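All remarks here apply to the structure that follows.
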Amino acid sequence: MTDQIPHISEENVRLSKRNALIQTGNPYAYRFDRTHTLQELIDIYTTAEKTLPEGLPEVKIAGRIIAKRGHGKACFGNLLDDSGTLQFYANSALVPEEAYQTLLTLDVGDFIGITGVPFYTNRGEFSIKMHSYILLTKSLKPLPEKYHGLQNKELRYRQRYVDLVANPEVKQTFKTRSIIIQKIRQFLGNEGFLEVETPILHTVYGGAAARPFITHHNELGQDSFLRIATELHLKRLIVGGFEKIYEIGRIFRNEGVSYKHNPEFTSIELYQAYADYTDMMTLTETLISDLVFAIHGTYEISYQDKLINFKAPFARMTLSDALSTYANITPDADTQTLRNKAKELGLDISLNPEKGQLIAHIYDKAVEAQLIQPIFITDYPWETSPLAKRHRDNPALVERFELIISGMELANAFSELNDPIEQQARFEDQLKAQEAGDDEAHQMDDDYVNALKYGMPPTGGLGIGIDRLVMLLTDSHSIRDVLFFPHMKDKSV
RNA sequence: GAUUCGGUAGCUCAGUCGGUAGAGCAAUUGACUUUUAAUCAAUUGGUCGCGAGUUCGAUUCUCGCCCGGAUCACCA
């Protein structure tokens, strides 16, 4: 028999099955009462001897069929739910004939609910023996190949819903992400911090050097900016009398995409009254090292084949020392020497950067990538930090640190500038920079200066890039691998 | 933005020194009552990313474009 069977696309085959099912029932059920998740069943019933007594009570489980193996009058399959996978076994002697025949027409991808009893197969695999089942949702599109999963990066990012089904380790990464954020909240809650929410739509953007996304409010007839930081509103709340606050939220910067940059990303910023940047350092290393231990049960973890030790305290080095150590130049050098060094490194100095900016640029280019183990780089030139307080020992510097791990800036913190007159002057410097062509300079924020005029107590502030932290803790090479739906160019599917 | 690699069946991938393409999985039909990347037999399935150019002929060569990955730059 070699009769030719006309080709119908798999999606159309499934579509006709769905249409037939609609005639006799509902292939999109409303609900199903489970007695156990798959993992619960495994936890409760599996035994070291790989045997189970007869006469166990019936259980009800639900999930997506991810594999099917027919054997005529018997058939095996695998079910996937959020907790794990489990093999099911159906036999035409146990399931009514008609139901058994329909079962064979189900597709990989369909959701079903199964009533049955746990047992061990001859091969010793813990499974459920089906007594009855109900179709919960018909799926129309075939899942990716069962062995290799979904490999195409573009498809994985654009259709994460498929990636998550096909590649279990992806789901694990995002579960870890969720736990990380949960533990940060727990830690800060225990430390007496209050979680707050501030606007995402800003009329003046600030708190970072970045270009904003611009949008428009129709009713008020004015442009708005998506926030580039939460900083200035949170500090207004410190003025208002809150003493320990934080916000975890999405930040938007109108910039390029790279393995460590996405135009929208998640930050946590926290502010603590009566504290300075040294307090922030202690808080940062405690938070992060506790987090690593809570997730991994050890302080030393491997990231992209590098062993990183998160045990607190982290190393500390001034920016000045870092420059001499890693770039063979000191910030005391005259401007021309710094300019030459910058040129040597291939930096763009067409905007005639001031000394402080030169130093910052040289540091970014020549030093940061070399810093693998957690290290606080402290005491930055004041010119690049318009919201930070002057260093108590050196007015050319500000009290600021960045935490660098694996060449990435993980955190940034200051002793917050709270002198409204100096803040006003720093904003004015920023305006000059803007006029000179720096499209990432701060805007003047009169209302923020106004708030400072009422008095902000000494305050330590800290920002952490959550996505980068998740990258480190899940050994993810790219920020896209820790974002469910990374930013992609529009392309109709 | 630069360099570089890639885009071929639903998925994972071969391939064509220029003559309109193959495999595995999935699907379809059949066999099979303990398989587990089930097995066995058969069958179907392609705008070879898009558009030009060269050519008798382009999926293959050239150019441009689109999308993506990597590296670099930008993003302190």
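What you see is a predicted model; the values in this text were computed from it and never measured. First the proteins, then the strands, lettered A, B, ... as listed; each starts at 1.
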Quote, to the nearest angstrom, the P distance that separates U36(B) from G69(B). 38 Å
For G68(B), does OP1 or OP2 lie under 4.0 Å from any side-chain N or O of R158(A)? yes
Nearest to the side chain of L150(A), which nucleotide is it out of U71(B), C11(B), U33(B)? C11(B)
Could you tell me whether K389(A) and E422(A) have a side-chain N and a carboxylate O separated by less than 4.0 Å? no
For nucleotides U43(B) and A9(B), find the distance between their C1' atoms and express it as a whole number of Å. 15 Å
Take P144(A) and K129(A), find for each the nucleotide of RNA chain B with the closest heavy atom, and name the residue whose nucleotide sits nearer the 5' end. P144(A)
I want to verify a distance call: between C32(B), U36(B), G68(B), whose nearest atom is closest to the T121(A) side chain? U36(B)
Length of the CZ-C1' vector between R156(A) and G68(B), whole Å: 13 Å
So, OP1 or OP2 of U35(B): does either fall under 4.0 Å of a side-chain N or O from R123(A)? yes
Please state the P separation for the pair C72(B) and A37(B) - nearest whole angstrom. 40 Å
Within the 4.0 Å heavy-atom criterion, would you say L155(A) contacts the bases, only the backbone, or no part of the nucleic acid? sugar-phosphate
Interatomic distance, E10(A) CD vs A27(B) C1' [rounded to whole Å]: 5 Å
Looking at F119(A), is K129(A) sitting on its ring face, NZ or CZ under 6.0 Å from the six-membered ring centre and within 45 degrees of the normal? yes
Given the C1' atoms of G64(B) and C25(B), what is the spacing between them in whole Å? 37 Å
Using a heavy-atom cut-off of 4.0 Å across all strands, would you classify Y157(A) as base, sugar-phosphate, or nothing? sugar-phosphate
With respect to the phosphate group of U28(B), does any side-chain polar atom (N or O) of K17(A) fall under 4.0 Å of OP1 or OP2? yes
When you measure from the side chain of N122(A), which nucleotide among C74(B), U34(B), G69(B) comes out closest? U34(B)
If you look only at distance, which donor and acceptor atoms sit under 3.5 Å apart when one is on a side chain in residues 262-270 of chain A and the other is two or more places apart or in another chain?
from: N262(A); atom 1: OD1; to: H487(A); atom 2: N; distance (Å): 3.2
from: N262(A); atom 1: ND2; to: E264(A); atom 2: O; distance (Å): 2.8
from: E264(A); atom 1: OE1; to: R250(A); atom 2: NH1; distance (Å): 2.8
from: T266(A); atom 1: OG1; to: R177(A); atom 2: NH2; distance (Å): 3.3
from: T266(A); atom 1: OG1; to: R250(A); atom 2: NE; distance (Å): 3.4
from: E269(A); atom 1: OE1; to: T230(A); atom 2: OG1; distance (Å): 3.4
from: E269(A); atom 1: OE1; to: E231(A); atom 2: N; distance (Å): 3.0
from: E269(A); atom 1: OE1; to: Y271(A); atom 2: OH; distance (Å): 2.6
from: E269(A); atom 1: OE2; to: T230(A); atom 2: N; distance (Å): 3.0
from: E269(A); atom 1: OE2; to: T230(A); atom 2: OG1; distance (Å): 3.0
from: E269(A); atom 1: OE2; to: E231(A); atom 2: N; distance (Å): 3.4

NZ/NE/NH1/NH2 to OD/OE distance under 4.0 Å, E383(A) and K355(A): no
Determine, for R400(A) against E402(A), whether the closest basic-nitrogen to carboxylate-oxygen distance falls under 4.0 angstrom. yes
L143(A) atom CG is separated from A37(B) atom C1', nearest whole Å, by 15 Å
Gap between atoms CD and C1', on Q304(A) and A70(B) respectively (whole Å): 13 Å
Side chain of P142(A): nearest nucleotide among A70(B), A26(B), C11(B)? A26(B)
Separation of I479(A) atom CD1 from G69(B) atom C1', in whole Å? 16 Å
Nearest-angstrom distance, C1' atom, U71(B) to C13(B): 25 Å
Taking the P atom in each of C50(B) and A58(B), what is the distance between them to the nearest angstrom? 15 Å
With heavy atoms under 4.0 Å as the rule, sort Q357(A) into base, sugar-phosphate or nothing. nothing
Tell me: NZ of K489(A) to P of G69(B), nearest whole Å? 12 Å
Regarding N412(A), tell me which of base, sugar-phosphate or nothing describes its non-hydrogen contacts under 4.0 Å with the strands shown. nothing
Does A70(B) have OP1 or OP2 sitting under 4.0 Å from an N or O in the side chain of R480(A)? yes
Within the 4.0 Å heavy-atom criterion, would you say E368(A) contacts the bases, only the backbone, or no part of the nucleic acid? nothing
Polar pair under 3.5 Å, donor/acceptor by atom type, side chain N91(A), base U33(B): yes
Rounded interatomic separation in angstrom, taking NZ from K146(A) and P from U35(B): 16 Å
Between C40(B) and G6(B) - C1' atom distance, rounded Å: 38 Å
Separation of K68(A) atom NZ from C25(B) atom P, in whole Å? 16 Å
Phosphate contact (U71(B) OP1 or OP2) by H477(A) side-chain N/O below 4.0 Å: yes
Using 4.0 Å as the upper bound for N to carboxylate O, is an ion pair formed by D438(A) and K432(A)? no
The side chain of Q151(A) lies closest to which of these nucleotides: A27(B), C13(B), A26(B)? C13(B)
If you find the nucleotide of RNA chain B closest to K73(A) and the one closest to G149(A), which residue's nucleotide is nearer the 5' end? G149(A)
Would you kindly say whether E416(A) and T459(A) are connected by a side-chain donor-acceptor distance under 3.5 Å? no
Stems of at least 3 consecutive Watson-Crick or G-U wobble pairs (donor-acceptor distances under 3.5 Å) involving RNA chain B, listed by first number, are B:1-7 with B:66-72, B:10-13 with B:22-25, B:27-31 with B:39-43, B:49-53 with B:61-65
Should the heavy atoms of other residues, nucleotides or ligands under 6.0 Å from CD of E98(A) be counted, would the total exceed 12? no
With respect to the phosphate group of U36(B), does any side-chain polar atom (N or O) of R69(A) fall under 4.0 Å of OP1 or OP2? no
Looking at D276(A) and T278(A), would you say the former's side chain and the latter's main chain have a donor-acceptor pair under 3.5 Å? yes
Could you tell me how far G7(B) sits from C74(B) if I compare only their C1' atoms? Round to whole Å. 27 Å
At less than 3.5 Å, do the side-chain atoms of E125(A) and the base atoms of U35(B) form a donor-acceptor pair? no
Please determine, by modelled atom types, if T85(A) and N78(A) share a side-chain donor-acceptor pair under 3.5 angstrom. no
